[in-house]
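Residue numbering restarts at 1 for every chain, and letters A, B, ... go by the order of the sequence lines. If you're wondering where the values come from, they're calculated on a predicted model, not measured in any experiment.
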There are 2 protein chains.
Amino acid sequence: MTELTIGELADRSGIATSAIRYYEDRGLVTSRRTTGNQRRYERPMLRRLAFIRTAQRVGLSLEEIEDALATLPSNRTPTKADWSRLSRGWRPRLDAQIAQLERLRDTLDSCIGCGCLSLRRCSLSNPDDVAAERGPGPVFLEGR
Amino acid sequence: MTELTIGELADRSGIATSAIRYYEDRGLVTSRRTTGNQRRYERPMLRRLAFIRTAQRVGLSLEEIEDALATLPSNRTPTKADWSRLSRGWRPRLDAQIAQLERLRDTLDSCIGCGCLSLRRCSLSNPDDVAAERGPGPVFLEGR
DNA sequence: CCTTGACTTAAAGTTCACTTCAACTTGTGA
DNA sequence: TCACAAGTTGAAGTGAACTTTAAGTCAAGG
């Protein structure tokens, strides 16, 4: 039982089989096929899925994750050092996200009493941080 | 010039006319119509848009914003106290988001050296915070 | 051998928050 | 008055990350 079926991989990773197939279509994971055309995964694929899932939590898109995975050596199973290298860059990214939310929170604190929300005067709704405004849509989806 | 056209409202709020029309379809904003069927907005609508935009930055969906706006008195223009009341609840939400990212960052710090990312052993890829796992997709979209 | 659950594919559907399009109508400054 | 920018509508398109569906094929236990 050294290889895993897609169902086993899904159970162990907590990622749906449909998502795993989707990742495979996008080239994020690979498998060998049985004579009957079924997918079989080696155990290191579990770590790869863990990497993908965690990178998503950090806020990377699948495209970015794809790029990161592309820098892994293709001639051997990635080592811990390989994974460590890839995830090292996440720290500044997380820091930036946290800083941005903290700015929002602090501004909220100073505005909450007045309820002004003036688009021109209040920095809450008119933040300095214009760079962060590119691209609409929700900035953060929490527990809901 | 006490009323604004949709273009003027867009200019002043920084929100595209298409988005404003979309909000109106969803009932988030309202307008009166000229005899020629064009929209005209009263100035308080600017604050309403500011509220919507800021609520989005905090991470609320349009549906949640809709619900919040529904609690405003319909018989009068909302006061600063009204807006203040609505935005008061954002603080815990922001706090939770920040805390979640900080947990992720701290766990990342303790995992980055080892590169383990084990789905079963490493808390980075296997967070306690299971509630936060509902709903896939990017958790945070920063500057990019 | 045979049932049954797990697997296969391509294609279409989902959600969110909009944007774009086409075809048309209004409003305004010269 | 008339050109033309700005407004109107419904419907379709966008992008990200999947999920669902349909119509099958495969693998393993009894």
Distances for protein N or O near nucleotides 24-28 of chain D N or O, under 3.5 Å:
| from | atom 1 | to | atom 2 | distance (Å) |
| --- | --- | --- | --- | --- |
| D:dA27 | OP1 | A:T34 | OG1 | 3.3 |

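B:R40 is linked by a side-chain hydrogen bond (donor to acceptor under 3.5 Å, both in side chains) to nothing, counting only residues two or more places apart in sequence or in another chain. For A:T71, the side-chain contact (heavy atoms from CB on, under 4.5 Å) partners at least two apart in sequence or on another chain are A:R85, A:L86. Under the side-chain hydrogen bond (donor to acceptor under 3.5 Å, both in side chains) criterion, A:S74 pairs with no residue at all, not counting sequence neighbours. Take A:E42 and apply the salt bridge (Lys or Arg N to Asp or Glu O under 4.0 Å) test, not counting sequence neighbours, and it matches no residue. In this structure A:R33 satisfies the salt bridge (Lys or Arg N to Asp or Glu O under 4.0 Å) test with no other residue, sequence neighbours excluded. Taking the salt bridge (Lys or Arg N to Asp or Glu O under 4.0 Å) definition, one finds that A:D95 meets it with A:R91, B:R105, sequence neighbours left out. Applying the salt bridge (Lys or Arg N to Asp or Glu O under 4.0 Å) test to B:R39 and every residue at least two apart in sequence or in another chain returns B:E24.
Side-chain contact of A:R88 with A:S84: a donor-acceptor pair under 3.5 Å is present, judged by distance alone.
Rounded to whole Å, the distance from CG on B:L62 to P on C:dT19 is 11 Å. The separation between A:E64 atom CD and D:dA16 atom P is 11 Å, rounded to whole Å. What separates CZ of B:R57 from P of C:dA17 is a distance of 16 Å, to the nearest Å. The distance between atom CD of A:E63 and atom P of D:dA17, rounded to the nearest whole Å, is 8 Å. Between B:Y41 atom OH and D:dT8 atom C1' there is a gap of 11 Å when expressed in whole angstrom units. The CZ-C1' distance, from B:R32 to D:dG7, rounds to 14 Å in whole Å. Note: CG (A:L49) to P (D:dC18) measures 11 Å, nearest angstrom. Per the geometry, CD belonging to A:E66 stands 12 Å off C1' belonging to D:dA17, to the nearest Å.
Distance alone, capped at 3.5 Å, is enough to place a donor-acceptor pair between the B:Q97 side chain and the B:V58 backbone.
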Enumerate donor-acceptor pairs with a distance under 3.5 Å from any side-chain N or O in residues 15-23 of chain A to protein atoms, sequence neighbours excluded.
| from | atom 1 | to | atom 2 | distance (Å) |
| --- | --- | --- | --- | --- |
| A:Y22 | OH | A:R26 | NH1 | 3.2 |

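Axis orientation changes by 10° from one end of the helix from C:dC1-D:dG30 to C:dA30-D:dT1 to the other, with each end axis drawn from 5 pairs and the value rounded to 10°.
If you check every strand for non-hydrogen atoms under 4.0 Å, B:T5 touches sugar and phosphate atoms only.
With contacts defined as side-chain heavy-atom distances shorter than 4.5 Å, the pair A:W83/A:R47 qualifies.
Distances shorter than 4.0 Å separate some side-chain N or O of A:R33 from OP1 or OP2 on C:dT9.
Within residues 19-31 of chain A, the residues having any heavy atom under 4.0 Å from DNA chain D are, by residue number, A:A19, A:Y22, A:Y23, A:R26.
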